Protein chains: 2
Amino acid sequence: MGKRPTRDDVAKEAGTSTAVVSYVINHGPRPVSPTTRRRVLDAIRKTGYLPNGIAKSLANGSSDTYALLVTDLANPFLAQMAQSLERELFARGKDLLVGDSGDDPARQLDLLEAFQRQQVSGLVWYGVDQPLPLDAIDAYPGTVVMLNQPAGQEPRPSAGRRVRLDVDESREARMATEHLLSHGRRHVAIVAGPTQRLNSRERIHGWRAAIDDAGLEPGRIITAPYTREGGRQAAFQLGSDVDAVFASNEMQAMGLLAGLAERGMKAPDDVAVAAMNGTAGAAYLVPSLTTVQLPQGPIARDIANALTRNEPSGGTGRTGRTGEEAIASAPRLVTGHSCGC
Amino acid sequence: MGKRPTRDDVAKEAGTSTAVVSYVINHGPRPVSPTTRRRVLDAIRKTGYLPNGIAKSLANGSSDTYALLVTDLANPFLAQMAQSLERELFARGKDLLVGDSGDDPARQLDLLEAFQRQQVSGLVWYGVDQPLPLDAIDAYPGTVVMLNQPAGQEPRPSAGRRVRLDVDESREARMATEHLLSHGRRHVAIVAGPTQRLNSRERIHGWRAAIDDAGLEPGRIITAPYTREGGRQAAFQLGSDVDAVFASNEMQAMGLLAGLAERGMKAPDDVAVAAMNGTAGAAYLVPSLTTVQLPQGPIARDIANALTRNEPSGGTGRTGRTGEEAIASAPRLVTGHSCGC
DNA sequence: TTGAAAGCGCTAACAT
DNA sequence: ATGTTAGCGCTTTCAA
């Protein structure tokens, strides 16, 4: 980093004190006469001065930087979240740091520590696994928005503000499954995530509830990683009686479609398919994939607002008894051809 | 950010000076006796001290933060790059900031400024358009790794180190096209990007060269945005004589396959398809997509090395006459079924 | 309305 | 081997 002009250079150039330069730049906290303001502004332009955000953060005791910590930055669902979040934060003059835990708990912990060192003011967290490492969350200072924290947890004392994205995994799975049933399908299997994961179990629960409500027998539960290859492998475990499959995420669904094609099975004719946590890309698969999607734009906006809103309580060890903050997310069904529509 | 323990607290706890604490933490620059070291380490553990990276950066005059500035974080190719880069930087104890220009030049400029304010030590840049805004690049202090800077540019004086990812767009397009021809296809069209873009023209050039070399007539050039929808629309502009299509990027190819399916055209039977800048997802399209891919892992490693390598020259206005730094990228053909393989 | 100066937490040159 | 202290660039209180 070369020698860049500092606030001192600007002050000198403008013939004022350094404090005044601050007042001008920050529009406060003290007023500055129009004349002086002009001189400062000119000096800034002349010197090509750019404030040093690092120094500012140190003096302020808080940074303009936030972080997104997820399990897989290349997962379309998460990549889209990164994109939306960056947009919103940038619009608010904030920066976004990213971390990819790669589903590794140790790595996740290291990233948390790294973010703390960098004094990030807030963290958006899609945790490695359910149940989440609550101790680490509790100890984390600053605001934490949890993307995959299950509802109905006991409020626990935490070192900072906690906000939960209110996702109902079970309901989303149910919506997708019900749609498959509405097409007259009777044997709906599920490609589930690893069963030790809570979100996986919740999705299974929703799938099952839809089938129970219809008075039908549940189809096979095929467990697979939340990956494309996991979905592909699952396709080869499908019995010939199955006429529909609910996939627990879009990547699995994508692999499933690929696997079905390999087996020479037609979707939706032989097997109808629907998934949850879909993205914009679902519409361009062959056949176009029916998914339940979350309104990422609004969600990202709410998250950014929550992050940058002045912390209501800065203290330590506060219990979130004040009606636990949550961000709403209204899932909607986006139909393609994979379901038979 | 709550009141966290500082180096002073640690020093007090350990009964030493603050300098010694620094020496221990940084393994230098002065030696510390084993006894004292232990006491400091214990004090650190006891207080739960975590160094303040912001303060460290200020004192050092350089940060451990780097930035990735791209046109579309949700583009699989770029998302994969973000992931790989984050991995490599994290392994080196560095942080990664992301910026999404959304193909907007003004936004790109704003992001550049924001990164400068944050004192990022290096920037990885996939620029909005060709030709790149060279003035902004030249003025950028610190190391800049350019992901889509064409080769053979005049060396220009710049404010920091400049590294170019050595991609030969033309060659990659040619590789994909030649592969289509090797399957006996004779009428190869191209879905090209916007023609005002240099990279688009280079890809057209490579496609054309392959066809010329084979002594054939070039097929239709269909211009479309670098998006899935662009590719889909292109499918509807294909004449019945076309027996193969080269798509200029993976998103276009994905849309193209979708569009072909909509039209009832079979790939690869009716039309063979191949693309460049493919990702791991290509293998799971239907049919699996043949692409030319760049070795993202090694590339990310080289970029991280370039970024974190001590700057050979910190000065201002240095011309890169010293054999312009470049990072190699060896494209390889990854075959799927879309080409007829 | 403006200026002087005390920090913010850390590094490292300079003393001891 | 360890301690003292002057910055790094900025914010903001306190004086003027």
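Everything numeric in this text was worked out from a predicted model, so none of it was measured. So that the names make sense, note that chain A is the first sequence line, chain B the second, and so on, each numbered from 1.
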Practice prompt. Might you point out which heavy atoms bring B:Ala136 and B:Leu112 nearest each other, and give the distance in Å?
Written response: CB-CD1, 4.0 Å

Discussion item. Looking at B:Asp42 and B:Arg39, is there a salt bridge between them, counting it only when a charged N and a carboxylate O are closer than 4.0 Å?
Written reply: no

Worksheet entry | Note: B:Glu325-B:Arg161 ion pair, threshold 4.0 Å (strictly below) | yes

Heavy atoms from C-beta onward define the side chain here; which of [options] lies closest to that of [X]?
| X | options | value |
| --- | --- | --- |
| B:Ala19 | C:dA12, C:dG3, D:dC8 | C:dA12 |
| B:Arg30 | D:dT2, C:dC10, C:dG7 | D:dT2 |
| B:Thr18 | C:dT1, D:dT4, C:dT2 | D:dT4 |

Worksheet item: For residues 48-66 of chain B, which residue pairs qualify under salt bridge (charged side-chain N to carboxylate O under 4.0 Å, His left out), counting only residues two or more places apart or in two chains?
Response: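 Checked against salt bridge (charged side-chain N to carboxylate O under 4.0 Å, His left out) - neighbours excluded - the pairs reaching residues 48-66 of chain B are B:Asp64-B:Lys94.
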
Item to complete: Would you confirm whether B:Ser121, through its side chain, and B:Tyr66, through its main-chain N or O, come within 3.5 Å as a donor-acceptor pair?
Response: no

Worksheet item: Are A:Leu147 and A:Val145 side-chain neighbours, meaning at least one heavy-atom pair lies under 4.5 Å?
Response: yes

Worksheet entry | Check: A:Tyr23 side chain, C:dG3 base, donor-acceptor under 3.5 Å |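 Counting by modelled atom types and ignoring angles, a donor-acceptor contact under 3.5 Å is found here.
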
Worksheet item: Taking for each residue the nucleotide of DNA chain D with the nearest heavy atom, is it B:Leu58 or B:Ser17 whose nucleotide lies nearer the 5' end?
Response: B:Ser17

Discussion item. If you take any heavy atom closer than 4.0 Å to DNA chain C, which residues from residues 33-41 of chain B end up in contact?
Written reply: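 Nucleic-acid contacts, sorted: none.
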
